[in-house]
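Before any comments, here is the structure.
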Amino acid sequence: MKVLFMGTPEFAAVSLRRLAKEKDLRISVVTQPDRPQGRHMILTPSAVKKEALAHGFPVFQPESLKDGAFMETLAAVNPDLIAVVAYGKLLPEYILDYPRLGCINLHGSLLPAYRGAAPIQRMVMDGVKIYGVTTMYMGKGLDTGDMLEKWSARLQDDDDFGTVSDRLSKEGAELLLSTVRKAEEGTLHPIPQKEEEATYAPKIGKADCFLNFEGSAREAHNRIRGLFPVPLAYTVLAGKTLKILKSEIDCEKGNGEEPGRVLHCDERGILVACGEGRLRLLTVRPEGKGTMSAADFIKGRGILQGQKLGH
RNA sequence: CGCGGGGUAGAGCAGUCUGGUAGCUCGUCGGGCUCAUAACCCGGAGGUCAUGUGGUUCAAAUCCCAUCCCCGCAA
């Protein structure tokens, strides 16, 4: 069976790696063009491209899917099925209609909740009870297609974006393979999404990462772990950004203290008043410095107690 | 070559502008105080100041040059 795999980040590369173990699949890969990335704007290939090259799969990196050039590529590859995982662009209708067995997408949430670009971060930031992944036939809209298979688990207190993403990429890869096999056999049972239950998970922006402690301690804690290990939540201390990597909830009840005020500093961390409850910062990264425990941050910088975080 | 901050004792920092004996907080080791202690007091050990056996100088953590590494912004 000829499969065209479309994906870009590491989350997608895990699925590609899994499919690559299936010797009967003839895989071609489409991924985003290399982009200048990082501190020195170095042209960097996507995680999926690296994975594809490691297996010797043909790789295509069209700037656009809408012009004629990609039509020729599609015709040349002539896939029986297209598998899409976090590719980063909506597919035009002619592609959706092309493969005989359809276009199957792996999405990082339990649809119809958290449609969109950043479902995993948003699930953790919202502190959902159950998280999961869904495979679906791709529709014209954003993550609107009929659902095929799901996998889910309970969100643990110590989970963060990193652990959940890691788990979902692995379980999602198995789920995608399962769905691909069932598509091949013709044993899938598509279930339409209930539009009225749909929610959206837009891309994470800078504003999503800012923490001013005005919400509850639990909200702040969920934001911090939902953004760990990237791109990280941050606040502002004395005019400089302070990234926050780890935290714990000290208490959840309101106590009328000014949000963002540093109440106490000791070897356990930095205790901060929130709109509701108190949060203890455990691991931070000051501007221009490396990651350090909050206790280390306190040393050498004098007392932080009474200072205000967030502006 | 996108812009910028940083690399000093096990950890976190000051000292660099204005070259001249290596400092602070904590940890660690020893001693003291105490019914006792994570508290307090006294003392000790621990540093080629990222790298170059680079340049300038009577003298370099400090000024100049090159390289490596970490981080913030931007994308």
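Below, chains carry the letters A, B, ... as their sequence lines are ordered, and counting in each starts from 1.
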Next item on the list: Mark yes when over 12 heavy atoms from residues, nucleotides or ligands other than A:K140 sit less than 6.0 Å from its NZ; otherwise mark no.
Entry: no
Checklist line | Interatomic distance, A:I298 CD1 vs B:G27 P [rounded to whole Å] | finding: 13 Å
Margin query: I'd like the P distance from B:G30 over to B:U37, given in whole Å.
Written below: 14 Å
Checklist line | Closest approach of A:A173 to A:V14 (non-hydrogen atoms, all atoms of both residues) | finding: CB-O, 3.9 Å
Check: Between A:E287 (CD) and B:C70 (P), how many Å, whole number?
Finding: 18 Å
Notebook entry, point to check: Can you check the A:L242 CG to B:C71 P distance for me, whole Å?
Noted result: 15 Å
Next item on the list: Measure from NZ or CZ of A:K289 to the centre of the six-membered ring of A:F297 and say whether it is under 6.0 Å with the direction within 45° of the ring axis.
Entry: no
Notebook entry, point to check: Could you give the CG-to-C1' distance, from A:D266 to B:U25, as a whole number of Å?
Noted result: 15 Å
Next item on the list: For B:A45 and B:G5, measure between their P atoms and round to the nearest Å.
Entry: 38 Å
Going by atom type alone, with no hydrogens or angles, which donor-acceptor pairs under 3.5 Å involve a side-chain atom of residues 121-137 of chain A and a protein atom two or more places apart or on another chain?
from	atom 1	to	atom 2	distance (Å)
A:R122	NE	A:P202	O	3.0
A:R122	NH1	A:D208	OD1	3.3
A:R122	NH2	A:P202	O	2.8
A:R122	NH2	A:K203	O	3.1
A:R122	NH2	A:D208	OD2	3.2
A:D126	OD2	A:Y114	OH	2.7
A:T134	OG1	A:S109	O	2.6
A:T134	OG1	A:L111	N	3.1
A:T135	OG1	A:E149	N	3.0
A:T135	OG1	A:E149	O	3.3
A:T135	OG1	A:T179	OG1	2.8

Notebook entry, point to check: Taking the C1' atom of each, how far is B:G44 from B:C35, in whole Å?
Noted result: 29 Å
Check: If you take all heavy atoms of A:F60 and A:S28, which pair is closest and at what distance?
Finding: CE1-CB, 4.3 Å
Checklist line | A:R268 CZ - B:C26 C1' separation (whole Å) | finding: 17 Å
Checklist line | Backbone N/O of A:G7 and side chain of A:T31: donor-acceptor pair under 3.5 Å | finding: yes
Checklist line | Rounded distance in Å between the P positions of B:C29 and B:G52 | finding: 33 Å
Note to self: Here's a test of your reading of the structure: between A:G290 and A:K240, which maps to the more 5' nucleotide of RNA chain B?
What the structure shows: A:K240
Notebook entry, point to check: For B:G72, what is the paired nucleotide under Watson-Crick or G-U wobble rules, both distances under 3.5 Å?
Noted result: B:C3
Check: If you measure from the P atom in B:C17 to the same atom in B:G6, how many Å do you get, rounded?
Finding: 14 Å
Check: Can you name the closest pair of heavy atoms from A:S46 and A:T8 and give their distance?
Finding: CB-O, 3.4 Å
Taking only N/O atoms, report every protein-nucleotides 6-10 of chain B pair under 3.5 Å with atom names and distance.
from	atom 1	to	atom 2	distance (Å)
B:G6	O2'	A:K289	NZ	3.2

Item checked: Closest heavy-atom pair and its distance - A:V284, A:L245 -> C-CD1, 3.8 Å
Item checked: Where A:G116 and A:L142 come nearest, the two heavy atoms and their spacing -> CA-CD2, 3.9 Å
Checklist line | G-U wobble or Watson-Crick pairing nucleotide for B:C58 (cut-off 3.5 Å, both distances) | finding: B:G20
Hey, what are the protein-to-nucleotides 73-75 of chain B N/O distances that come in under 3.5 Å?
from	atom 1	to	atom 2	distance (Å)
B:C73	OP2	A:K243	NZ	3.4
B:A74	N1	A:G38	O	3.1

Next item on the list: Rounded off to whole Å, could you give me the CD-to-C1' distance for the A:E267 and B:U25 pair?
Entry: 14 Å
Item checked: Between P of B:G72 and CZ of A:F297, the distance in whole Å -> 14 Å
Check: Given the C1' atoms of B:G46 and B:U8, what is the spacing between them in whole Å?
Finding: 14 Å
Item checked: Watson-Crick or G-U counterpart of B:U25, or none if no pair lies under 3.5 Å -> B:A11
Note to self: Can you check the distance between B:A60 and B:G20, where both ends of the measurement are the C1' atom (answer in whole Å)?
What the structure shows: 10 Å
Item checked: Same-atom distance (P) from B:U57 to B:U62, integer angstrom -> 16 Å
Next item on the list: Could you tell me which non-hydrogen atom of A:G141 sits nearest to which non-hydrogen atom of A:L90, and how far apart they are?
Entry: O-CD2, 4.3 Å
